[in-house]
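The figures that follow rest on heavy atoms only: side chains count, while hydrogens, waters and symmetry mates do not. This chain uses plain numbering: 1 for the first residue, then up along the sequence. Note that the coordinates shown come from a computational prediction; the quantities given were computed from them, not determined experimentally.
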Amino acid sequence: MIHTTSRVLVSDLREHVGQTVSVSGWVNTLRLQSKMQFVVVRDHTAMVQVTHKRRGEGDEVEAALEGLTPESAVRITGRVVDNPIVKLGSLEIIPESVEVLNRAETPLPIDEQTGLEHRMDWRFLDVRRRSQAQLLFAVQTTFEQGMREYAYRQGCTEMHTPKLMGTASESGAEVFKLGYFDRSAYLAQSPQFFKQMAISAGIDKVFEIGPVFRAEPSFTSRHATEFTGVDVELAWIDGVEDVMTFEEQMLAHALTKVADAHGEAIRETFGVEVTVPSTPFPRITMAETQEILRAKGWDPAGVKEDLDPEGERGIAAHIKEQTGHEWVFVTHYPTSIRPFYHMRPADDSGVTLSFDLLWKGLEVTTGAQREHRYDVLLKQAAEKDMSTEPMQDYLNAFRYGCPPHGGLGMGLGRVLMVMLGLDSIREATFLFRGPNRLTP
């Protein structure tokens with residue numbers, strides 16, 4: 001008989017029946033009866049029952065098990081035994097030694113009934129104790145891996161742009177200001193300007209996954225003040241269509257990976273099906289979108305230039321009905337609600353060559369072809385009454401041969417939220433940051 005005491009994961013115990021092994025994990029539940037002690041131990045892979053028959057005076061295992069509390073960290077060494085009566089994998093461990101690595105205080109600050117806000121206060125325990133949360137981060141990892149894989153295959157270079165800026169980026173609204181030695185700095189609300197500089201630096205295709213900061217006092221289920229952005233910028237494009245094609249292919253690739261690796265677990269844990277979308281995704285212009293929605297009673301006053309959440313859900317439902325597709329690109333947003341650096345078609349200066357991507361009615365991406373001509377950029381900034389002086393470093397990138405380019409910015413948390421059918425972006429983030437939350 002082989003004795004092994006290096007750590008064995010609970011999910012692998014079936015391969016070690018009849019052997020002595022060590023498992024490390026947390027106490028999930030305790031049933032301490034007069035003759036028997038049952039302890040369920042959980043690691044990040046699964047749970048196993050530890051079964052001990054009391055021997056009374058001088059029984060060290062009995063004493064150690066008696067002193068345990070829920071969520072204590074333990075290392076248990078014992079023999080793996082087949083037992084068909086045991087619900088957990090028809091296996092149990094008969095313990096030979098019990099090591100208490102860190103005894104948990106009791107009672108625990110959260111339980112199954114605890115509401116979301118209070119769970120956020122004890123997020124480490126919340127994530128540890130809920131298989132949904134554990135699965136979420138596994139899915140996030142696979143999804144990011146799939147996006148990176150696609151981006152690398154397309155020849156993207158992964159860049160890391162600064163999150164500290166000397167001037168407020170883009171419109172200047174919604175930025176966090178902070179002290180920077182003897183002057184002020186701002187947290188980047190997008191890597192936009194920097195990834196465009198990378199294009200001008202001759203990096204053909206730019207890719208970045210990193211933090212984004214937005215100082216908007218939004219208390220919705222889909223807003224955060226710090227989130228993870230997935231950014232892409234592509235040089236030498238023929239038009240904004242190239243950007244949309246890149247994105248839909250990247251998403252289809254990444255979702256295929258998620259479905260293959262976690263589809264079954266997601267179905268069991270979240271009750272949702274991860275479907276790989278067919279490409280191309282449907283595309284519809286903003287003008288058509290508004291026409292369809294207004295015919296259904298949206299925005300009766302006819303004043304809304306942008307889609308509100310109700311409008312986003314409305315057009316997504318319409319597209320799903322017409323095409324069966326959960327994704328839709330809404331294109332050609334009006335110039336008035338898009339940044340000055342979005343390119344406009346030659347024949348219509350009232351709209352931009354831009355898009356939002358909606359998934360099941362939630363906006364997950366904004367993208368566009370950028371204006372790469374210096375004189376046009378100056379003119380479009382002036383039209384929006386923007387001072388070009390603070391942006392001179394950015395504008396300089398267009399004075400010496402910047403190629404046509406376009407790109408997109410995607411919110412990772414929002415994609416996960418829709419993918420797993422979560423009610424709030426708080427659940428799709430490890431440690432959420434919002435207007436009222438800077439801890440833990």
Side-chain angles (χ1 to χ4, degrees), residues 159 161-177 180 183-206 208 212-216 229 231-244 285-287 305-306 331-356 365-409:
M159 301 295 281
T161 60
K163 304 307 163 213
L164 285 167
M165 306 177 80
T167 54
S169 59
E170 304 197 21
S171 63
E174 299 174 0
V175 287
F176 289 109
K177 187 177 176 180
Y180 192 75
R183 58 191 189 277
S184 291
Y186 303 88
L187 290 177
Q189 58 173 145
S190 156
Q192 185 59 47
F193 288 1
F194 299 128
K195 63 181 183 174
Q196 287 186 266
M197 281 182 202
I199 292 294
S200 210
I203 312 280
D204 204 63
K205 294 185 173 88
V206 177
E208 176 168 24
V212 178
F213 302 91
R214 293 277 160 90
E216 40 184 349
D231 273 87
V232 174
E233 204 69 26
L234 310 169
W236 309 103
I237 61 170
D238 291 325
V240 68
E241 189 56 47
D242 291 354
V243 182
M244 292 190 276
T285 67
M286 185 59 150
E305 290 187 285
D306 206 350
T331 67
H332 298 85
Y333 277 71
T335 309
S336 55
I337 56 170
R338 288 293 174 161
F340 77 96
Y341 55 79
H342 280 192
M343 187 181 265
R344 302 167 190 182
D347 56 357
D348 184 357
S349 64
V351 297
T352 53
L353 295 169
S354 66
F355 63 86
D356 273 4
T365 302
T366 296
Q369 177 164 2
R370 321 300 182 188
E371 182 49 73
H372 61 283
R373 296 162 296 187
Y374 181 67
D375 54 332
V376 181
L377 269 173
L378 289 180
K379 184 166 123 307
Q380 292 184 176
E383 274 174 32
K384 287 191 179 273
D385 292 327
M386 293 179 73
S387 160
T388 51
E389 190 203 2
M391 298 188 294
Q392 202 49 56
D393 282 329
Y394 166 69
L395 292 167
N396 283 343
F398 303 93
R399 291 170 58 194
Y400 301 96
C402 182
H405 61 284
L408 61 98

Checklist entry - Take atom CD in Gln392; do more than 12 heavy atoms of anything else shown fall under 6.0 Å from it? => result yes
Next on the checklist: Looking at Lys177, I want to see if its NZ is surrounded by more than 12 non-hydrogen atoms of other residues, nucleotides or ligands under 6.0 Å.
Outcome noted: no
Any heavy-atom pair between the side chains of [Y] and [X] that's under 4.5 Å?
X	Y	value
Tyr341	Gln196	yes
Val376	Gln380	yes
Leu377	His372	no
Asp385	Glu383	no
Thr366	Ser354	no
Leu353	His332	yes
Thr331	Val240	no

Minimal non-hydrogen separation, [X] against [Y], with atom names:
X	Y	result
Thr335	Ser349	OG1-O, 2.8 Å
Ala381	Thr388	CB-CG2, 4.0 Å
Met391	Ser387	CE-O, 3.7 Å
Val175	Leu187	CG1-O, 4.1 Å
Tyr400	Asn396	CD1-O, 3.8 Å
Tyr186	Thr167	CD1-C, 3.6 Å

If you round to the nearest 0.5 Å, how far is [atom2] of [Y] from [atom1] of [X]?
X	Y	atom1	atom2	value
Ser200	Arg399	OG	CZ	11.5 Å
Thr285	Phe355	OG1	CZ	15.0 Å
Trp236	Ile199	CH2	CD1	10.0 Å
Ile237	His405	CD1	NE2	8.0 Å
Thr365	Asp356	OG1	CG	8.0 Å
Gln369	Met244	CD	CE	10.5 Å

Checklist entry - What's the verdict on ring-ring contact (aromatic ring centres under 6.0 Å, His included) for Tyr394 and Phe193, showing C-alpha distance, side-chain angles and the deciding distance? => result CA-CA 6 Å; Tyr394 166 69; Phe193 288 1; 3.8 Å; yes
Item to check | Contact list for residues 367-376, test salt bridge (charged side-chain N to carboxylate O under 4.0 Å, His left out), sequence neighbours left out | outcome: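 Sorted result for residues 367-376: Glu233-Arg370, Glu371-Arg373.
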Item to check | Pairs where residues 234-244 contributes a residue and the test salt bridge (charged side-chain N to carboxylate O under 4.0 Å, His left out) is met, not counting sequence neighbours | outcome: Glu241-Arg283
Next on the checklist: For Ser336, give me all partners under side chain to side chain contact (heavy atoms under 4.5 Å, CB included), at least two apart in sequence or on another chain.
Outcome noted: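 Residues passing side chain to side chain contact (heavy atoms under 4.5 Å, CB included) with Ser336: Glu305, Pro334.
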Next on the checklist: Strictly distance-based, threshold 3.5 Å: is any side-chain N or O of Lys195 a donor or acceptor partner for the main-chain N or O of Ser190?
Outcome noted: no
Next on the checklist: One pair to check against side-chain contact (heavy atoms from CB on, under 4.5 Å): Met286 and Asp306. What are the steps and the verdict?
Outcome noted: CA-CA 8 Å; Met286 185 59 150; Asp306 206 350; 3.9 Å; yes
Next on the checklist: Determine whether Leu408 and Asp231 satisfy the following criterion, side-chain contact (heavy atoms from CB on, under 4.5 Å), listing intermediate values before the conclusion.
Outcome noted: CA-CA 6 Å; Leu408 61 98; Asp231 273 87; over 6 Å; no
